Amino acid sequence: MAVPYIHMIQVEGLTKRYARHIAVDNISFSVDKGEIVGFLGPNGAGKTTTMRVLTCFMPPSDGTATVAGYDVFKKPMEVKKRIGYLPEAPPVYPEMSVGAYLAFVGRLKGMTGPDLKRRVDEVSERCAVADVRNRLISKLSKGYRQRVGLAQAIIHNPEVLILDEPTSGLDPKQINETRELIKNLAGEHTIILSTHILPEVEAICQKIVIINKGHIVATDSVENLTHRMRGSDAISLELETDGIAGQSDVQQRLESLSGVSKVLFKHATDHKLTFEVESLPGHSARADVARSVVNAGWNLFEMKSLSYSLEEVFLQLTGGMPDGGQQ
Amino acid sequence: MRNVWTICRRELYSYFVSPIAWVLLTVFAFLGGYFTYAASAFFVKDSLQSQMMGQSMPMNLNDRIIVPVLSNVAVIALFLLPLLAMRLFAEEKRQGTIELLVTSPVHDLEIILGKWLSAVLMYGALLLLILADFSFLFVYGNPDWKPVALGFVGLFLQGASILALCTFISTLTKNQIVAAAIGFALALILFVLSWATAFDSSGVAQVLSYISIVSHFDSFSRGVLDSKDFIFYLSMIFFGLFLTARSLESMRWRA
């Protein structure tokens, strides 16, 4: 039955037009099996629209999207069978109990009998809602509701999970729990999650797609993206001199090293001096710097790699930072 | 078909955990009981009177009790049914659960049929209350059962077609009250259209009168099975559900 496919999710030239504006404009990306991809962008960037197209909630205006080789427009039933979806607001019926609700969703997804019962038990255990199975959903806290929403999404053990802002509106403890849960789901499922919370992507995802105003502005792994933004290797250096050499001496010595392009004095606390050392493109001067400091008889306290935080990358790419960062 | 039943079952569950089912059951039990009681009381009074006057007028349970009660119930049902159908889609849209339904591997038609069927079954339960009232007539008298059965078939079909139209109305809004109000207005229009021929017998009036949902019920309540009326109700149901399907589809394109 299964059709051959290369990527679990393949989006090509996807466009979604509304009467007055274009929500998503000609975007393309792909997600491999087992990956967790973060869909990142400010509010209104087109994240939810893209997800709704992938879940066959709405058809695309242009372009194609395939899930496990099936086109969302031509073979929606096949796609729907393979997708678990958690919309931004968990789609729960407040008047139902958790157990009855999960059983209902299971039946909707085509499960029956003992299989259904077993899966309801499993997912309520997994999403930590087993203790509230007989409670009405209307009586549950937001965190529990969100977990019921997640349980609902994975009940038929779908190949692909699509989670729209799975941690929005939760308190920090619940956010952590939800993230752990999502990380645990990785591997068995291919996951796309959207968020505008940056640490979340850093914490969970292997790959990010940054989307802004309907366009994809970057697609890469978290490390590559932050690295790429910086361009060359930069380190922050904290050291203590012997008391004789001053700040300018240190600076001169470091600048004389080959492979170092720039040395910036940052600040001094007590006897410790902090510098920012940038290597020439394509070089890494870290080893030379360390050796040079130690050879001069100074104490090296700290040396750490400087990279843009994802936050800076994000703001730069989505135009939130007018001067384009430090580059 | 299994999906239709899954969705229908959940709807029935929601009816019975919300006050709506109980309120309607109470209203129907009360009104149906009162109509039957009042009609029976008149019947008894009239038969006593005709006895005392020494005339033996032919008096018939079917004509004097069952037909008027069924006609009254038909009108009441017309106005209470929007309450049954108002939440079907409006509530799903408000809660966002519509996203769950349309992203699940079920066809739109299965969703629509499941929801409509649940409302129709609820309505069937309401009609059972009326049937319970009539059971006394069968215990103490011997009315002809065939027109009664046909009357219920007519009531059922009339309700099912109103519910189909109201299901469609429910897809148009997120607000149950709005859905109920529009449904109520529609029911009222369909009701008063039957008056059109009273003062005008032009072709237009004839057509309007034909569209009126209640005018087709009369023949049923008198125990006449006219295929024309039968087909009218079936096409009304089809029309309502067809509009619902189109509306659901357009909602996705616009969403």
Side-chain angles (χ1 to χ4, degrees), chain A residues 16-19 23 48-49 51-61 67 72-73 75-97 100-101 103-112 116 136-138 145 148-149 152-153 155-156 158 162 164, chain B residues 1-23 86-115 117-118 122 171 174 176 245-255:
Chain A
K16 180 71 194 176
R17 276 183 290 269
Y18 291 116
T48 300
T49 303
M51 293 187 147
R52 284 182 163 177
V53 171
L54 283 176
T55 54
C56 311
F57 181 72
M58 49 164 82
S61 312
V67 174
V72 293
F73 188 61
K75 295 264 181 212
M77 280 298 151
E78 296 300 324
V79 173
K80 287 174 184 180
K81 275 183 209 160
R82 288 168 174 79
I83 277 189
Y85 177 39
L86 173 62
E88 202 175 336
V92 292
Y93 295 96
E95 72 270 20
M96 296 181 95
S97 72
Y101 170 70
F104 165 68
V105 178
R107 268 185 228 111
L108 264 191
K109 310 282 181 184
M111 286 186 293
T112 46
L116 172 68
L136 289 184
I137 294 176
S138 60
R145 264 186 221 211
V148 172
Q152 163 278 126
I155 192 148
H156 55 308
I162 296 189
D164 198 353
Chain B
M1 210 50 219
R2 210 172 53 79
N3 291 331
V4 173
W5 180 233
T6 301
I7 287 166
C8 177
R9 242 173 74 181
R10 203 212 68 74
E11 292 296 330
L12 287 174
Y13 176 94
S14 285
Y15 275 131
F16 283 99
V17 293
S18 74
I20 190 86
W22 305 108
V23 168
M86 65 181 183
R87 46 171 287 285
L88 290 179
F89 281 96
E91 189 68 357
E92 301 269 1
K93 284 171 88 173
R94 196 185 59 78
Q95 283 171 179
T97 41
I98 190 78
E99 282 198 64
L100 168 67
L101 291 184
V102 298
T103 59
S104 291
V106 292
H107 294 280
D108 280 6
L109 193 63
E110 291 173 322
I111 300 174
I112 294 165
L113 283 178
K115 283 178 169 288
L117 189 65
S118 73
M122 259 310 291
T171 59
K174 282 183 182 175
Q176 291 191 45
R246 298 324 300 245
S247 170
L248 208 59
E249 207 178 310
S250 97
M251 185 196 81
R252 304 172 104 177
W253 284 92
R254 284 178 294 122

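Reminder, nothing fancy here: chain letters follow the sequence lines and each chain counts from 1. Predicted, not measured: the structure shown is a model, and the values here were computed from it.
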Worksheet item: Could you state the interatomic distance from CG (A:Asp164) to CD (B:Glu99), rounded to the nearest 0.5 Å?
Response: 8.0 Å
Worksheet item: Which of the residues A:Ile83, A:Val92, A:Thr49, A:Leu136 is involved in the greatest number of heavy-atom pairs with chain B at under 4.5 angstrom?
Response: A:Val92
Discussion item. If you count heavy atoms of other groups shown closer than 6.0 angstrom to CZ of B:Phe16, is the number above 12?
Written reply: yes
Discussion item. Would you say that A:Pro91 contacts B:Gln95 through its side chain, given a criterion of any heavy-atom pair below 4.5 Å between the two side chains?
Written reply: no
Item to complete: Flag the one option from B:Glu110, B:Arg10, B:Glu91, B:Glu92 with the top tally of heavy-atom pairs under 4.5 Å to chain A.
Response: B:Arg10
Worksheet entry | Side chain / backbone / both / neither for A:Gln152 at chain B, heavy atoms under 4.5 Å | side chain
Discussion item. Can you tell me which portion of B:Val102 sits under 4.5 Å from chain A's heavy atoms? Options are side chain, backbone, both or neither.
Written reply: both
Worksheet, complete the sentence: To the nearest 0.5 Å, atom CG of B:Leu100 lies from atom CZ of A:Phe104 at 6.0 Å
Item to complete: Measure A:Ser61 against the heavy atoms of chain B and call it side chain, backbone, both or neither at under 4.5 Å.
Response: neither
Worksheet item: Rounded to the nearest 0.5 Å, what separation is found between the OG atom of B:Ser104 and the NZ atom of A:Lys81?
Response: 12.5 Å
Worksheet item: Got more than 12 heavy atoms from elsewhere within 6.0 Å of NZ, B:Lys93?
Response: yes
Worksheet item: How close do A:Gly110 and B:Arg2 get, heavy atom to heavy atom, and via which atoms?
Response: CA-NH2, 3.5 Å
Practice prompt. Identify, with sequence neighbours excluded, every residue that meets side chain to side chain donor-acceptor pair (under 3.5 Å) alongside B:Thr103.
Written response: none
Fill in: Which of A:Ala89, A:Ala19, A:Pro59 touches chain B most, by non-hydrogen pairs under 4.5 Å
A:Pro59
Worksheet item: Side chain, backbone, both or neither: which part of A:Tyr85 has a non-hydrogen atom closer than 4.5 Å to chain B?
Response: side chain
Discussion item. Which atoms of A:Val79 are under 4.5 Å from chain B, going by heavy atoms: the side chain, the backbone, both sets, or neither?
Written reply: neither
Worksheet, complete the sentence: Taking every heavy atom of B:Thr6 against every heavy atom of A:Arg107, the minimum-distance pair comes out as CG2-CB, 3.6 Å
Worksheet item: Does B:Arg252 reach the main-chain N or O of A:Cys56 with its side chain, forming a donor-acceptor pair under 3.5 Å?
Response: yes
